[in-house]
Structures are given as structure tokens and as C-alpha cells.
Amino acid sequence: MKKLLKLVAILFSAFLIVGCSKPKITKEQQDNIATRIYRNYDIQEIEFLSFTKNDSTGTYYLRIKLNGDDKKETVLSIYDLSILEKSEGEMSLSPHEYFDDIKRPNIINDKLGDLNIKITYIGEK
């Protein structure tokens, strides 16, 4: 009986730890997102605010703020984490009317090393 209680306690602890663990996003993945946004929008600063997961839908949410402007804060919905591994490609921000004034007329192909923007990563303040 004691072994059964011990097993139940261990299993419960394991489920609790897994359930409470936060999703992680690396600095490199944040750099990839910053590069994709920079290519499409004229930004001088990007602040990564939070990275969460909706367990019922499996969707990840990355909350960002651009140029230190509270009106330029948005949430990116990420359905496939492989998007975080690439710096190539377009990135569109919503709602569009909040970001139209900084949208580039043409996509640029600069790499992150060429970018002259300030990046504040999640967990950094």
C-alpha cells in the first residue's frame, strides 16, 4: 500500500511539474523573429514581452512591442514552432491599421548583424 501511495505521489508531482512548465523561446529564435519583422517594418526597437502556450489549442503566443510605443504592441500567433528557426520570410503584424505607418514599401534582405535596432529579450529588463 505504501508503494502505491508513493507511486501516486511521484506521478502527481510529475504531472504538476509538466503542467506548470513554461514554454521556452531562445535568444536566437527571438533574433529570427526580429529579423523577419525588421525586413517588413521600419523599426528601431523591439521588445519581446512574453511567450505563452494555450494548452487547449496548442497555439503559442509571442507578445511584442515595437519602437517603445504601447500602440505598437501585438501578439503573434504561432501554430508551428519551426517558424522560430528561420529568419527568412515575411512577417505580417495585426491589426494592420496600427502598423501601416511603419510598413516598408519593399521587403529588405538585411541580416540581423546588419540591423541597427535595439532588442530586449524575454526575461531581460
Side-chain angles (χ1 to χ4, degrees):
M1 187 65 164
K2 287 183 180 181
K3 287 183 180 181
L4 180 62
L5 288 175
K6 190 182 259 188
L7 181 61
V8 169
I10 290 171
L11 288 173
F12 179 74
S13 298
F15 286 122
L16 187 62
I17 290 170
V18 170
C20 293
S21 65
K22 292 182 179 181
K24 304 281 190 242
I25 184 170
T26 67
K27 182 178 177 182
E28 181 180 339
Q29 291 170 328
Q30 292 173 75
D31 285 342
N32 289 340
I33 295 297
T35 301
R36 292 176 84 151
I37 292 170
Y38 178 83
R39 286 181 174 155
N40 291 281
Y41 296 90
D42 184 20
I43 60 170
Q44 292 75 46
E45 179 182 347
I46 183 168
E47 181 178 355
F48 292 94
L49 301 171
S50 65
F51 185 64
T52 58
K53 180 181 180 186
N54 181 320
D55 289 325
S56 63
T57 64
T59 303
Y60 292 86
Y61 298 105
L62 180 59
R63 194 164 58 94
I64 62 170
K65 181 168 42 171
L66 303 176
N67 298 335
D69 185 349
D70 290 335
K71 293 179 183 176
K72 301 279 189 237
E73 190 173 312
T74 191
V75 176
L76 304 173
S77 298
I78 301 168
Y79 303 100
D80 181 4
L81 289 179
S82 68
I83 194 171
L84 299 175
E85 303 303 325
K86 302 176 202 166
S87 62
E88 300 84 26
E90 293 188 38
M91 181 70 62
S92 184
L93 302 176
S94 296
H96 295 285
E97 58 271 10
Y98 289 4
F99 300 97
D100 281 345
D101 62 323
I102 60 171
K103 179 102 169 116
R104 292 186 190 280
N106 298 310
I107 297 171
I108 59 172
N109 289 317
D110 292 358
K111 301 281 185 204
L112 184 64
D114 299 331
L115 308 185
N116 188 20
I117 61 173
K118 177 185 174 193
I119 301 174
T120 304
Y121 299 97
I122 290 175
E124 219 179 60
K125 277 285 178 172

Mind listing the closest non-hydrogen atom pair of Ala34 and Ile119 along with its distance? CB-CD1, 3.9 Å
Quick check for you: to the nearest 0.5 Å, what is the distance between Ser92 atom OG and Tyr41 atom OH? 4.0 Å
For atom NZ of Lys86, decide whether the heavy atoms of other residues, nucleotides or ligands shown that lie under 6.0 angstrom number more than 12. no
Contact between Phe48 and Lys65 at the side-chain level, heavy atoms closer than 4.5 Å - yes or no? no
To the closest 0.5 Å, what do you measure between CD (Gln29) and CD1 (Ile78)? 9.0 Å
Find out whether Thr120 and Ile46 are in side-chain contact, i.e. whether some heavy atom of one side chain is under 4.5 Å from a heavy atom of the other. no
Verdict with reasoning, Arg39 to Glu88, per side chain to side chain contact (heavy atoms under 4.5 Å, CB included): CA-CA 9 Å; Arg39 286 181 174 155; Glu88 300 84 26; 4.3 Å; yes
Heavy atoms, side chains only, cut-off 4.5 Å: are Leu93 and Leu66 in contact? yes
Nearest heavy-atom contact between Ile122 and Ser50 is CD1-C, 3.6 Å
Decide yes or no for Ile43 and Ile102: does some side-chain heavy atom of the first lie under 4.5 Å from some side-chain heavy atom of the second? yes
Mind running side chain to side chain contact (heavy atoms under 4.5 Å, CB included) on Met91 and Leu76 for me, showing each step along the way? CA-CA 9 Å; Met91 181 70 62; Leu76 304 173; 4.2 Å; yes
Nearest non-hydrogen partners of Gly89 and Asn40, listed with the distance: O-ND2, 4.1 Å
Could you tell me if the side chain of Ile33 sits less than 4.5 Å from the side chain of Leu84, heavy atoms only? yes
Quick one: are Thr52 and Tyr60 in side-chain contact, heavy atoms under 4.5 Å? no
Sequence neighbours excluded, the answer for salt bridge (charged side-chain N to carboxylate O under 4.0 Å, His left out) partners of Asp100 is none
In terms of heavy-atom contacts, does CD of Glu73 have more than 12 from other residues, nucleotides or ligands at under 6.0 Å? yes
Asp31 bridged to Arg36 by N-O distance under 4.0 Å: no
Rounding to 0.5 Å, atoms NZ (Lys71) and CG (Asp101) come to a distance of 10.5 Å
Quick check: does any side chain N or O of Thr57 sit under 3.5 Å from a backbone N or O of Thr59, one acting as donor and the other as acceptor? yes
Once rounded to the nearest 0.5 Å, what's the spacing between atom CG of Asp42 and atom CD1 of Ile108? 8.0 Å
Hey, are the side chains of Glu47 and Ile64 touching, using non-hydrogen atoms and a 4.5 Å cut-off? no
Just verifying a value: how many Å separate Phe51 CZ and Lys22 NZ, rounded to the nearest 0.5 Å? 12.5 Å
Under the side chain to side chain contact (heavy atoms under 4.5 Å, CB included) criterion, do Asp80 and Ile83 qualify, and how do the steps go? CA-CA 6 Å; Asp80 181 4; Ile83 194 171; 5.6 Å; no
Determine, stepwise, if the pair Gln44 / Lys118 fulfils side chain to side chain contact (heavy atoms under 4.5 Å, CB included). CA-CA 6 Å; Gln44 292 75 46; Lys118 177 185 174 193; over 6 Å; no
Using a 6.0 Å cut-off, check whether atom OH of Tyr61 has over 12 heavy atoms from anything other than its own residue. yes
Taking side chain as C-beta onward, heavy atoms only, is Lys72 less than 4.5 Å from Phe99? yes
Rounded at 0.5 Å granularity, tell me how far OG1 in Thr35 sits from CD1 in Ile37. 9.5 Å
